[in-house]
Amino acid sequence: MKYSTIVIDDSSIQRLATSVLVKNHPNLELIGSYGNPYEAIKAIYDQKVDIVFLDVLMENVDAFELLDNIEINSAIVLNSTWENFAEKAFDYGINDFLLKPMPKKRFDIAIDKIIKQIEQKKVKQIKTFPFSELLSNFNLN
């Protein structure tokens, strides 16, 4: 079985690097790669997404703001070049945290762990709000 995956990162280089790892993993299917987190959220809601790779620091919003305001029933892997976000990420109940650049071995370990969680129905649901309220919670100007 292949698990549908979305990559969200405002850095085109990091987005490409993560997308290549996803495309080359035998159990993953890349269904989207987004620099704009709001477009990615729409895709998550429009399609059944199993795994989301989410950059912590993006230009107009950070991952924690997003997670405070949306409902994602997918497994979430937060990624950053800053390891000091790891503790907060796990406090949010995310499934894994990867430092950039992501070594393939560590990426594979994270995916194996998440697939087991999905198969055992142990993916945690993040604190959520209805999608219709999402845009009203962010200053898009």
Side-chain angles (χ1 to χ4, degrees), residues 2-141:
K2 290 216 175 208
Y3 295 91
S4 59
T5 307
I6 283 182
V7 175
I8 307 169
D9 197 315
D10 63 341
S11 164
S12 59
I13 293 170
Q14 292 294 337
R15 193 169 55 250
L16 177 61
T18 306
S19 296
V20 167
L21 287 168
V22 170
K23 286 179 184 178
N24 289 329
H25 194 283
N27 297 323
L28 301 180
E29 177 184 7
L30 182 66
I31 61 170
S33 179
Y34 299 89
N36 181 322
Y38 304 106
E39 291 174 6
I41 291 164
K42 182 176 180 345
I44 291 168
Y45 281 94
D46 290 346
Q47 304 176 48
K48 181 182 178 336
V49 177
D50 298 307
I51 302 169
V52 175
F53 283 87
L54 178 60
D55 182 25
V56 172
L57 295 178
M58 294 172 278
E59 189 173 328
N60 295 319
V61 66
D62 72 45
F64 303 110
E65 289 176 289
L66 287 177
L67 295 175
D68 282 339
N69 292 287
I70 62 172
E71 178 177 335
I72 299 179
N73 294 318
S74 309
I76 299 174
V77 179
L78 288 184
N79 47 73
S80 178
T81 54
W82 306 101
E83 66 184 41
N84 59 319
F85 289 115
E87 184 177 345
K88 185 174 183 179
F90 287 112
D91 288 344
Y92 267 69
I94 60 95
N95 299 85
D96 213 329
F97 181 89
L98 296 175
L99 284 173
K100 297 178 193 177
M102 294 178 214
K104 183 181 180 323
K105 182 176 181 176
R106 179 64 179 92
F107 176 88
D108 289 340
I109 290 169
I111 294 304
D112 289 345
K113 178 178 101 173
I114 289 169
I115 288 172
K116 286 177 187 169
Q117 290 173 340
I118 291 171
E119 289 173 350
Q120 296 172 357
K121 308 273 190 241
K122 289 187 177 178
V123 171
K124 298 174 185 171
Q125 184 172 349
I126 301 302
K127 177 183 171 196
T128 62
F129 294 94
F131 181 68
S132 60
E133 295 177 19
L134 173 66
L135 295 180
S136 66
N137 291 331
F138 296 98
N139 180 5
L140 299 176
N141 296 325

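Contacts classified as side chain to side chain donor-acceptor pair (under 3.5 Å) and involving residues 100-112 (residues at least two apart or in different chains) are given here: D9-K100, D55-K100, D96-R106, K104-D108.
Under the ring-ring contact (aromatic ring centres under 6.0 Å, His included) criterion, F97 pairs with no residue at all, not counting sequence neighbours. In this structure S19 satisfies the side chain to side chain donor-acceptor pair (under 3.5 Å) test together with S33, sequence neighbours excluded.
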Stepwise side-chain contact (heavy atoms from CB on, under 4.5 Å) test for N24 and F107: CA-CA 11 Å; N24 289 329; F107 176 88; over 6 Å; no
Verdict with supporting geometry, V7 and L30, side-chain contact (heavy atoms from CB on, under 4.5 Å): CA-CA 8 Å; V7 175; L30 182 66; 3.8 Å; yes
Residue pair L78, I76: steps toward the side-chain contact (heavy atoms from CB on, under 4.5 Å) verdict: CA-CA 6 Å; L78 288 184; I76 299 174; 4.1 Å; yes
CA sep, side-chain torsions, deciding dist, call: I8, V52, side-chain contact (heavy atoms from CB on, under 4.5 Å): CA-CA 7 Å; I8 307 169; V52 175; 3.8 Å; yes
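Of the possible polar contacts, none joining the S4 side chain to the E29 backbone as a donor-acceptor pair under 3.5 Å is found. Remark: side-chain polar atoms of Q120 are not paired, donor with acceptor, to backbone N or O of Q117 under 3.5 angstrom. D10 contributes a side-chain N or O that, together with a main-chain N or O of E59, makes up a donor-acceptor pair within less than 3.5 Å. Panel note: side chain T5, backbone Y3; a donor-acceptor pair is recorded below 3.5 Å. One N or O on the side chain of K113 and one on the backbone of N95 form a donor-acceptor pair closer than 3.5 Å.
The two residues D46 and K42 come nearest to each other via the heavy atoms OD2-NZ, 2.6 Å. The nearest pair of heavy atoms linking A110 to L98 is CB-CD2, 4.1 Å. Across all non-hydrogen atoms, the minimal contact from K48 to I31 is O-CD1, 4.3 Å. Heavy-atom minimum distance, V49 versus I44: CG2-CA, 3.9 Å.
Expressed to the nearest 0.5 Å, how far CD1 of I94 lies from CG of L54 amounts to 9.5 Å. Here I114 contributes atom CD1 and E119 contributes atom CD; the two are 12.0 Å apart, rounded to the nearest 0.5 Å.
No hydrogens or angles considered: nothing links the side chains of D50 and S74 as a donor-acceptor pair under 3.5 Å.
Side-chain contact between N79 and L99 is absent, with no heavy atoms from C-beta onward closer than 4.5 Å.
With ring centers used as reference points, F53 lies 6.0 Å or more from Y34.
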